J.: 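Below you will find the structure I want to go over with you.
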Amino acid sequence: MTIEELAVIGAEAGALLKARGETLAVVDGATGGLMSAGLLAMPGASAFFLGSGVVYTLKGRRIVLGHEPGSLRGLTSATESYALAQADLIRKRYGADWGLAETGAAGPGTHPLGVPSGTSAVAVVGPGVSASAMVSTGSEERLANMTAFARAGLMLLHDTLAAR
């Protein structure tokens, strides 16, 4: 998977958002910004893309998502429930119609919270709709995992939008 391939998926999702006059905010995790890059590669992305952040630490999460202290207590990284919470928070933070989130462990090695490399959760939250999925590559290859996670997130966004 290359950035060009991510850009194709991002452009298709972006075209759906643009045609509807809807907006999106993104929180990238282990993807390191690749979901946002895939969406922003499309000319005219400012018509639908409001902003994003890469959440990599608890402090970063508080800053980017602006959530109340303790409001995410009990949620674990790289789970669908955590990804859904992040997608909803980024959506609200930016006042967007849609929120897209990814949380996972790109590797190599085990994540500090015990999540195996190659494990991620992606989620989309929009008007009356939420969708999530788990990704498991079984790989320790960091860049391959990052792009696989980004592809999964962008595909989930595209497919959720296309189903509406």
Side-chain angles (χ1 to χ4, degrees), residues 1-10 12-13 24-41 49-94 96 98-126 129-161 163:
M1 176 72 36
T2 65
I3 188 64
E4 288 82 7
E5 292 167 313
L6 294 175
V8 169
I9 302 165
E12 291 172 3
L24 172 73
V26 179
V27 59
D28 282 283
T31 56
L34 289 175
M35 291 192 308
S36 295
L39 290 155
L40 290 170
F49 193 94
L50 296 184
S52 67
V54 176
V55 171
Y56 225 70
T57 64
L58 291 177
K59 181 178 180 179
R61 180 180 77 184
R62 284 189 300 274
I63 292 168
V64 171
L65 299 177
H67 63 89
E68 293 295 320
S71 64
L72 298 177
R73 188 170 288 124
L75 297 178
T76 305
S77 181
T79 62
E80 290 181 65
S81 58
Y82 185 62
L84 285 163
Q86 287 192 321
D88 190 47
L89 284 166
I90 199 74
R91 173 183 179 235
K92 290 174 181 171
R93 181 83 163 162
Y94 278 89
W98 294 89
L100 171 64
E102 181 279 331
T103 172
T110 302
H111 183 279
L113 297 176
V115 177
S117 292
T119 304
S120 174
V122 294
V124 174
V125 174
V129 177
S130 63
S132 60
M134 290 300 298
V135 180
S136 181
T137 67
S139 174
E140 292 281 330
E141 295 182 36
R142 187 173 184 82
L143 293 177
N145 286 333
M146 291 171 71
T147 55
F149 300 165
R151 181 187 188 287
L154 291 172
M155 285 302 302
L156 181 65
L157 174 65
H158 174 272
D159 294 349
T160 303
L161 291 169

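Positions are given from 1 along the sequence. Bear in mind that the values here come from a model prediction, so they are computed numbers and not experimental data.
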J.: What is the minimum heavy-atom distance between Ala106 and Met146, and which atoms define it?
T.: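 Minimum heavy-atom contact is CB-CG, 3.8 Å.
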J.: Under 3.5 Å, sequence neighbours excluded: what are the donor-acceptor pairs made by side chains of residues 150-158?
T.:
none

J.: Carefully, step by step, assess Val129 and Thr160 under the rule side chain to side chain contact (heavy atoms under 4.5 Å, CB included).
T.: CA-CA 8 Å; Val129 177; Thr160 303; 3.6 Å; yes
J.: Here's a test for you: under side chain to side chain contact (heavy atoms under 4.5 Å, CB included), which of Thr31, Val135, Thr137, Asn145 qualifies with Ser120?
T.: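 For Ser120, the side chain to side chain contact (heavy atoms under 4.5 Å, CB included) test succeeds with only one of Thr31, Val135, Thr137, Asn145, which is Val135.
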J.: CZ of Arg73 to NE2 of His67: how many Å apart, nearest 0.5 Å?
T.: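 Answer for the CZ-NE2 pair, Arg73 versus His67, is 10.5 Å.
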J.: Restricting to non-hydrogen atoms, name the atom on Thr119 and the atom on Ala78 that form the minimum distance, rounded to 0.1 Å.
T.: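 In this case the closest contact between Thr119 and Ala78 is O-CB, 4.3 Å.
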J.: Can you confirm whether Glu12 sits close enough to Val8 that some side-chain heavy atom of one is under 4.5 Å from a side-chain heavy atom of the other?
T.: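 Yes - at least one pair of side-chain heavy atoms lies under 4.5 Å apart.
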J.: Has Glu102 got a side-chain atom pairing as donor or acceptor with Met35's backbone, closer than 3.5 angstrom?
T.: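 No; judged by distance alone, with no hydrogens or angles, the pair does not exist.
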J.: Under a 3.5 Å distance rule, please check whether Arg61 uses its side chain to pair with a backbone N or O of Tyr56 as donor and acceptor.
T.: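 Such a contact is absent between Arg61 side chain and Tyr56 backbone.
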J.: Can you tell me how far apart CG (Asp88) and CZ (Arg93) are? Round to the nearest 0.5 Å.
T.: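 Output value for this atom pair is 13.5 Å.
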J.: Is it the case that the side chain of Arg142 and the backbone of Gly107 share a donor-acceptor pair, with hydrogens and angles ignored and the cut-off at 3.5 Å?
T.: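 Answer holds: yes.
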J.: When rounded to the nearest 0.5 angstrom, what distance separates OG in Ser36 from CG in Leu6?
T.: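 Spacing of OG (Ser36) from CG (Leu6) equals 11.5 Å.
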J.: Between Val27 and Leu100, is there a side-chain heavy-atom distance shorter than 4.5 Å?
T.: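 Heavy-atom side-chain distance check fails, nothing below 4.5 Å.
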J.: Would you mind reporting whether Val122 and Glu80 have side-chain heavy atoms less than 4.5 Å apart?
T.: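 The answer is no; the side chains never approach within 4.5 Å.
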J.: Rounded to the nearest 0.5 Å, what separation is found between the CH2 atom of Trp98 and the OG atom of Ser130?
T.: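 Between Trp98 CH2 and Ser130 OG, I get 9.5 Å after rounding to 0.5 Å.
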J.: Could you tell me which non-hydrogen atom of Ala87 sits nearest to which non-hydrogen atom of Ala123, and how far apart they are?
T.: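 Taking Ala87 first and Ala123 second, the nearest heavy atoms are CB-O, 3.9 Å.
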J.: If you draw a 6.0 Å radius around CD in Glu141, do more than 12 non-hydrogen atoms from other residues or ligands fall strictly inside?
T.: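 Result for CD/Glu141: open.
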J.: Kindly give the heavy-atom pair with the smallest separation between Ala121 and Ala83, and that separation in Å.
T.: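 Here Ala121 and Ala83 meet closest at O-CB, 3.8 Å.
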J.: Let me confirm one number: the OH-CG distance from Tyr94 to Leu65, rounded to the nearest 0.5 Å.
T.: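 The OH atom of Tyr94 sits 9.5 Å away from the CG atom of Leu65.
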J.: In Å and rounded to the nearest 0.5 Å, what is the OG1 to OH distance from Thr76 to Tyr82?
T.: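 The OH atom of Tyr82 is 9.5 Å from OG1 of Thr76, to the nearest 0.5 Å.
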J.: Taking all non-hydrogen atoms of both residues, which atom of Ala131 and which atom of Leu84 are closest, and how far apart?
T.: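 In this case the closest contact between Ala131 and Leu84 is O-CD2, 3.7 Å.
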J.: Check each of Thr103, Asp28, Val26 against Gln86 using the side chain to side chain contact (heavy atoms under 4.5 Å, CB included) test, and report the only one that passes.
T.: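 That would be Thr103; it is the only one of Thr103, Asp28, Val26 passing the side chain to side chain contact (heavy atoms under 4.5 Å, CB included) with Gln86.
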J.: What pair of heavy atoms forms the shortest contact from Gly104 to Ala30, and how long is it?
T.: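 Heavy atoms only, the tightest pair is O-CB, 3.5 Å.
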